[in-house]
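First comes the structure, then the notes that go with it.
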Amino acid sequence: MTDETLYSLQKVSKGFVKGKEKITIFDGLDMSIEKGDFLAIMGPSGSGKTTLLNMLGGVDQPTGGEVWFDGSRVDKLSEGNLAKWRANNIGFIFQFYNLMPMLNAAKNVELPLLLTNLNSKQRKKSVEAALELVGLSDRAKHMTNEMSGGQQQRVAIARAIVSDPKLLLCDEPTGDLDRATADEILEMLQLLNREFGKTIVMVTHDPAAAKYAKRTLHLDKGEFVEKDLVA
Amino acid sequence: MNGVLTLLKWVFRIITAPVWVPFWILWKLGEVTGLNAVIEAIAMSTGFYVVYKNLTRKPLRLSLTMLAIFVAFTIYGTLTAFQNAFDAGVELSADDRLVSVNKINFTQPLPISYVNRVRPMEGVASVTHLNWFGGYYQDPQNVIVTFAVDEGSFFDVYGEDLVMSEEAKAAWLGNRQGLIVGESIARLNGWEVGQRIPLNSNIFSQQDGSSDWDFDIVGIYTGSDPQIDTNSIYFHYKYFNETQSFGGNFIGFMAIKTEDPDLNEAVIKQVDDLFANSPFETETVPEKVFNKGFIEQIGNIRLILSSVVLAAFFIILVIVGNSMVLAVRERTSEIGVLKTLGFTSPRIFRMVLGESFLLSIMSGSLGMLAAMGMIGVVNNAPIQLPTLIMTPDLAIEAFTYMALLGFITGIIPAVNALRLNIITALSRN
Ligand SMILES: Nc1ncnc2c1ncn2[C@@H]1O[C@H](COP(=O)(O)OP(=O)(O)O)[C@@H](O)[C@H]1O
Ligand SMILES: [Mg+2]
């Protein structure tokens with residue numbers, strides 16, 4: 001592990017108990033993500049992509065192994081500390097945007113800042129900057145359920161970056177969008193990676209989307225495999 | 001279908017206008033002055049904004065739920081004010097006053113000679129006597145609490161509660177047909193001093209067979225406390241005794257003022273012992289006990305009122321509890337997202353509970369305001385009722401109930417939200 005390593009999974013295992021059955025998804029997975037990486041994860045449905053992303057995001061805990069983030073261990077944190085850690089370090093972007101329908105765009109973007117010490121003026125500035133970056137300054141007061149899918153996903157990106165996290169986790173961020181809109185969103189992620197130094201991990205099953213990433217890993221049955229083997 | 005809904009919406013808006021129009025005006029004022037933006041920023045900082053927005057996202061459901069709580073608290077506030085008024089009748093009874101009635105039943109008479117035998121007793125400050133007249137004014141439905149009393153000693157016994165000018169008292173003593181009336185009954189019937197009125201009795205008739213008696217209103221008395229009932233009227237026993245056709249020289253009951261409440265027991269014993277084994281035995285009790293017994297004869301008002309209030313609370317508990325559980329269940333994936341963003345479970349728990357508190361306190365307070373309005377209307381209405389008062393105790397009790405309602409209806413969805421697992425919450429959509 002070097003100084004440039006942001007994330008490192010060591011011998012991580014993960015299983016579920018479904019009734020009497022024990023399902024193993026990962027068994028001794030190793031993975032390392034450098035700072036500034038833009039990583040695409042591909043793989044067939046049920047291969048464990050979402051589960052991996054959930055573990056990286058600290059919303060799910062591995063059943064074994066170690067998870068190191070930026071030099072400290074995170075897989076043993078309590079629920080409360082993990083929540084704090086997520087608020088400080090991770091930005092989430094979902095396939096179906098997951099915005100709050102009763103809040104306008106600006107208020108949605110402001111939500112993560114309620115977990116910081118910023119006062120309302122500082123929060124307002126950060127929200128404006130984030131909305132500006134995604135090109136939605138003029139829609140700040142609009143309700144999100146009146147927006148197009150692409151606009152909603154841009155609000156979601158603004159929400160993910162507003163508190164300046166180190167890592168962005170995107171689960172099928174373009175899965176619900178048409179090609180042109182998907183490209184806009186992906187260009188935006190690329191910009192965030194290149195110009196703002198955000199480390200990004202993106203799950204996708206769209207090869208065109210994966211092309212925007214710096215590298216692509218293929219997951220199959222809980223293991224990373226060479227691309228040719230899958231194809 | 002849509003047209004019907006729009007129509008219903010407008011009907012509802014118009015009916016509830018008195019409730020929301022003041023808030024709407026306040027809102028517009030806030031918008032113009034920029035106050036709203038400031039409040040919004042503060043509300044957002046505390047997370048209250050999200051709570052408020054969650055609560056108000058389904059306006060129709062919110063209105064109906066609020067209406068249920070509103071009605072329940074209006075009923076509660078008004079009925080409890082009634083109950084307090086009845087209790088006040090007991091509470092305000094003087095501690096040093098005794099009532100002595102016929103032991104068989106308080107409707108049976110006593111000989112007038114008893115009064116002079118009680119007067120010299122040790123511990124007795126003064127004694128007077130009263131007869132229930134069964135009076136009504138103009139219409140048999142318009143019953144008026146009328147007593148024929150000994151005008152000479154009446155204020156010796158009741159003077160601390162019933163207040164009247166010395167001139168009026170003198171005028172009453174000097175007029176055989178003089179009648180003194182309470183402030184509220186005078187207002188109700190538009191009576192004024194100097195007026196001559198006829199009263200009828202549904203018990204007694206005059207010696208000539210008629211049942212009207214003529215009176216001169218010579219004074220209007222007030223209560224020394226606003227909750228003292230001033231719906232009664234009093235006239236001379238002599239006028240009653242000499243004109244009525246039944247056997248004379250009987251009184252309804254004696255009212256005895258003792259020199260000190262500590263002497264009550266001793267006086268009660270002296271009086272009841274003196275008349276024991278006579279054809280007219282007495283039963284003497286403190287006025288408080290007598291009034292309580294009298295109110296209980298009307299029916300157990302407290303029980304009836306409590307049952308109504310309890311039923312109202314139970315119904316809103318079910319309605320509001322159900323609507324909160326639904327509201328939070330619909331937001332499962334949103335709660336999952338909030339948790340993902342880093343909102344801790346205890347914080348989400350507080351947000352949900354805050355929502356149910358806000359709902360109960362907002363609607364309950366409006367209900368209590370409406371109850372105050374109702375009390376005002378009742379107090380000014382042309383009906384004979386004791387004066388209702390919204391006491392600070394009642395307001396505190398109401399807020400306690402609102403908080404309790406908020407807690408009970410919020411705790412289940414709040415615990416559900418607290419325990420909600422992010423993965424399950426997010427995989428539901
Ligand atoms: N909470 C859970 N309980 C039981 N099994 C689960 C749970 N979450 C995921 N799985 C199973 O784990 C496997 C991987 O799921 P997932 O990570 O969602 O795959 P992907 O995102 O690649 O489609 C699937 O077989 C899925 O059924
Ligand atoms: Mg998935």
Side-chain angles (χ1 to χ4, degrees), chain A residues 14 16 50-51 53-55 57-61 78-104 106-124 127 143 145 156 159-160 162-163 165 169 171 176, chain B residues 31 34-59 61-62 327-328 330-352 354-355 358 417-429:
Chain A
K14 176 71 183 171
F16 293 106
T50 298
T51 307
L53 211 61
N54 284 341
M55 287 195 296
V59 295
D60 206 354
Q61 298 278 50
S78 69
E79 200 204 308
N81 284 332
L82 206 54
K84 215 179 278 169
W85 175 82
R86 282 198 300 274
N88 288 332
N89 296 292
I90 313 289
F92 291 90
I93 296 163
F94 307 89
Q95 179 176 0
F96 298 105
Y97 332 122
N98 282 336
L99 300 169
M100 302 288 142
M102 74 293 181
L103 300 179
N104 65 27
K107 289 281 188 292
N108 264 290
V109 175
E110 193 176 349
L111 275 179
L113 298 178
L114 300 185
L115 304 169
T116 66
N117 294 325
L118 301 185
N119 64 31
S120 68
K121 249 201 199 113
Q122 294 165 320
R123 291 201 308 266
K124 199 168 172 230
V127 169
M143 298 312 283
N145 52 10
R159 180 178 68 185
V162 72
S163 52
L169 297 176
D171 195 353
D176 196 43
Chain B
E31 210 141 84
L35 193 64
N36 284 3
V38 175
I39 293 173
E40 201 177 297
I42 295 170
M44 193 69 186
S45 303
T46 53
F48 183 79
Y49 187 84
V50 179
V51 170
Y52 175 77
K53 281 289 173 182
N54 269 330
L55 182 62
T56 53
R57 62 202 283 174
K58 291 250 163 94
R61 184 200 281 168
L62 174 68
V328 174
E330 284 167 2
R331 283 184 230 144
T332 300
S333 72
E334 285 169 32
I335 291 169
V337 172
L338 284 178
K339 287 192 175 186
T340 306
L341 295 182
F343 283 76
T344 58
S345 294
R347 185 163 177 158
I348 306 240
F349 174 85
R350 288 197 298 273
M351 281 169 77
V352 174
E355 196 176 323
L358 183 65
L418 177 82
R419 288 154 110 191
L420 187 68
N421 175 277
I422 297 180
I423 314 280
T424 0
L426 289 181
S427 61
R428 272 203 211 172
N429 63 3

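In what follows, chains carry the letters A, B, and so on, assigned in the order in which the sequence lines appear, proteins first and then strands, with residues in each chain numbered from 1.
With a 6.0 Å radius and a threshold of 12 heavy atoms from other residues, nucleotides or ligands, A/E79 has its CD atom at or below the threshold.
Contacts of A/L111 with chain B are made by both backbone and side-chain atoms, with heavy-atom separations under 4.5 Å. No part of A/K124 comes within reach of chain B, as not one of its non-hydrogen atoms sits under 4.5 angstrom from that chain. Contact of B/Y49 with chain A is made through the side chain alone, with heavy-atom distances under 4.5 Å. Only the side chain of B/R347 comes within contact range of chain A, judged by heavy atoms closer than 4.5 Å.
Considering only heavy-atom pairs separated by less than 4.5 Å from chain A, the leading option among B/G342, B/G336, B/G47, B/A41 is B/G342. Contacts with chain A were tallied for B/I42, B/I422, B/V337, B/N421; B/V337 has the most, counting heavy-atom pairs under 4.5 Å. When each of B/L338, B/T340, B/T56 is scored by its heavy-atom pairs under 4.5 Å with chain A, the top score falls to B/T340. Contact tally against chain B (heavy-atom pairs below 4.5 Å) for A/M100, A/K107, A/K121: the top residue is A/K107.
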**Message:** Set out, in order, the CA-CA distance, both residues' side-chain angles and the distance that settles side chain to side chain contact (heavy atoms under 4.5 Å, CB included) for A/S120 and B/E40, then state yes or no.
**Reply:** CA-CA 10 Å; A/S120 68; B/E40 201 177 297; over 6 Å; no

**Item:** B/L341 vs A/R159, side chain to side chain contact (heavy atoms under 4.5 Å, CB included): CA-CA, chis, key distance, verdict
**Value:** CA-CA 9 Å; B/L341 295 182; A/R159 180 178 68 185; 3.9 Å; yes

**Asked** Can you list the steps and then say if A/N54 with B/L426 is a side chain to side chain contact (heavy atoms under 4.5 Å, CB included)?
**Response** CA-CA 11 Å; A/N54 284 341; B/L426 289 181; 5.7 Å; no

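Scanning all heavy atoms of the two residues, the minimum distance from B/I423 to A/V59 falls at CD1-O, 3.7 Å. When all heavy atoms of B/K339 and A/R86 are compared, the closest pair comes out as O-NH2, 2.7 Å. The two residues B/T344 and A/A83 have their closest heavy-atom pair at CG2-CB, 3.9 Å.
At least one side-chain heavy atom of B/M44 sits less than 4.5 Å from a side-chain heavy atom of A/R123.
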